[in-house]
Chemist: 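What follows is a structure written as structure tokens; I'll ask about it next.
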There are 2 protein chains.
Amino acid sequence: MTLLRAESLSAGHLEVWRMLQRAQVRITRHLEGELLGAHDLPPASYDVLAHLAGAPGRRLRMNDLAERVLLSRSGLTRLVDRLQRDGLVMREACADDARGLYAVLSDRGADRLAEATPTYLRGVGMFLARLDEEDLARVPALLAKVGDLGSAPEPAEQVDPLAPGRPVPGLSAAP
Amino acid sequence: MTLLRAESLSAGHLEVWRMLQRAQVRITRHLEGELLGAHDLPPASYDVLAHLAGAPGRRLRMNDLAERVLLSRSGLTRLVDRLQRDGLVMREACADDARGLYAVLSDRGADRLAEATPTYLRGVGMFLARLDEEDLARVPALLAKVGDLGSAPEPAEQVDPLAPGRPVPGLSAAP
DNA sequence: AGGACGTTGTTGCACGGACATCTAACAGTG
DNA sequence: CACTGTTAGATGTCCGTGCAACAACGTCCT
């Protein structure tokens, strides 16, 4: 019995997954340090401000915003609470839907965003600058394959879970 | 004045960063649901068990382990507390270093890992199966560029932070 | 020996996020 | 119109994580 049974899930896939985690965590950590240190602004807050700034009328429905910044609705509620407390955003009622709320970027919020953006870009660039033009052409297509659909193409054939004494799938062994 | 001043940090880089975040979050969320639902095992715990299983003697120093599973030492301390409470790992003193501790995979831990591994692989595969052989050959090199070194190749030239009324760098605009 | 300094692992603390639950407001039905 | 179901946000509560501080040990130097 082979360790890997089909092409559907090779060691390569797991390798990619591990690297993806590492990359994301490292960039996030670095970015958090920089943003927090230089502007007292957590990355999640930056994301909110940035998305608002990019939205028409500098406003977004809470629900929309939550989806875009990859946060639960409750999580966004608290986050916007903080941002509102600091005067970076405000909440405004929605005309056509009485239960709807807009999170609106304030002028102070826009200023803070403008201040922090160079730091943000520098932080991201520190890692991603190594990608050349050619890479930039390829990667989005790849990541789109990975991140866009959670639906199963096929049930993905199994792998022999643990051969005794053998390294576990999903890991580079330490021999 | 152009929006992007140098090639060092283009909109493409930010696009990649966004997609990287999305991919990682989506996979993680899905995986967490599956692992938790089917085996009552958080992803972080799975990671620890898997790394231990792949290590010689099924054991790893706490510090080593923390680095590998991308956790702070304190975070790992608590996590191993839980795993030990559930009998999945045990702590053993280190012979040659009196302050060292090994986290050791127990038999129960190995069993749980074996049970959960198919779920884990299926969960990852559900997203990554879309990558073909050719992709698998390319991606690791790309992610290595991104995730391996946090040191700056160069200070990464700046970007014009915010043109008024324009979408913020780092975002796909909503026109 | 004996200190200065770094390392290893644990703890107090606070923060941030998710889940479940709640209320208010829509939308559709009889 | 009441009746049912769904959606938008806000809260109570719990849990996991990181940071700073700490104790114990190791290392190196003089």
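Convention: sequence-line order gives letters A, B, ...; per-chain numbering from 1.
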Chemist: Pull out every residue in residues 72-94 of chain A that has a heavy atom closer than 4.0 Å to any atom of DNA chain D, ordered by number, or say none.
Modeler: Arg73(A), Ser74(A), Thr77(A), Arg78(A), Arg91(A)
Chemist: Rounding to a whole Å, what distance do you find between Leu71(B):CG and dG16(D):C1'?
Modeler: 9 Å
Chemist: Suppose we screen for side-chain contact (heavy atoms from CB on, under 4.5 Å). Which residues come up paired with Ala116(B), at least two apart in sequence or across chains?
Modeler: Leu35(B), His39(B), Leu41(B), Tyr46(B)
Chemist: Rounding to an integer number of Å, can you tell me how far Asp40(A) CG sits from dG16(C) P?
Modeler: 10 Å
Chemist: Of Asp97(A) and Ala44(A), whose nearest nucleotide on DNA chain C comes first from the 5' end?
Modeler: Ala44(A)
Chemist: Does one side chain, of Glu32(A) or Thr28(A), offer a donor that lies under 3.5 Å from an acceptor on the other?
Modeler: no
Chemist: Let me know the distance between OH of Tyr102(B) and P of dG9(C), rounded to the nearest Å.
Modeler: 10 Å
Chemist: Given atom CG of Asp96(B) and atom C1' of dT7(C), what is their separation to the nearest angstrom?
Modeler: 14 Å
Chemist: Rounding to an integer number of Å, can you tell me how far Glu32(A) CD sits from dG16(C) C1'?
Modeler: 10 Å
Chemist: Is the side chain of Arg108(B) donor-acceptor paired with the backbone N or O of Asp86(B) at a distance under 3.5 Å, no angle test?
Modeler: yes
Chemist: Report the distance from atom CD of Gln24(B) to atom CZ of Arg26(B), rounding to the nearest 0.5 Å.
Modeler: 12.5 Å
Chemist: Taking atom CG of Leu79(A) and atom CG of Leu83(A), what is their separation to the nearest 0.5 Å?
Modeler: 4.5 Å
Chemist: Could you state the atom-to-atom distance from CD of Glu67(B) to P of dG18(D) in whole Å?
Modeler: 13 Å
Chemist: Over how many whole Å does the gap from Arg59(B) atom CZ to dG9(C) atom P extend?
Modeler: 14 Å
Chemist: Quick one: does any side-chain atom of Arg82(A) pair with a main-chain N or O of Val80(A) as donor and acceptor, under 3.5 Å?
Modeler: no
Chemist: Rounded to the nearest angstrom, tell me the gap between atom CZ in Arg99(A) and atom C1' in dT23(C).
Modeler: 12 Å
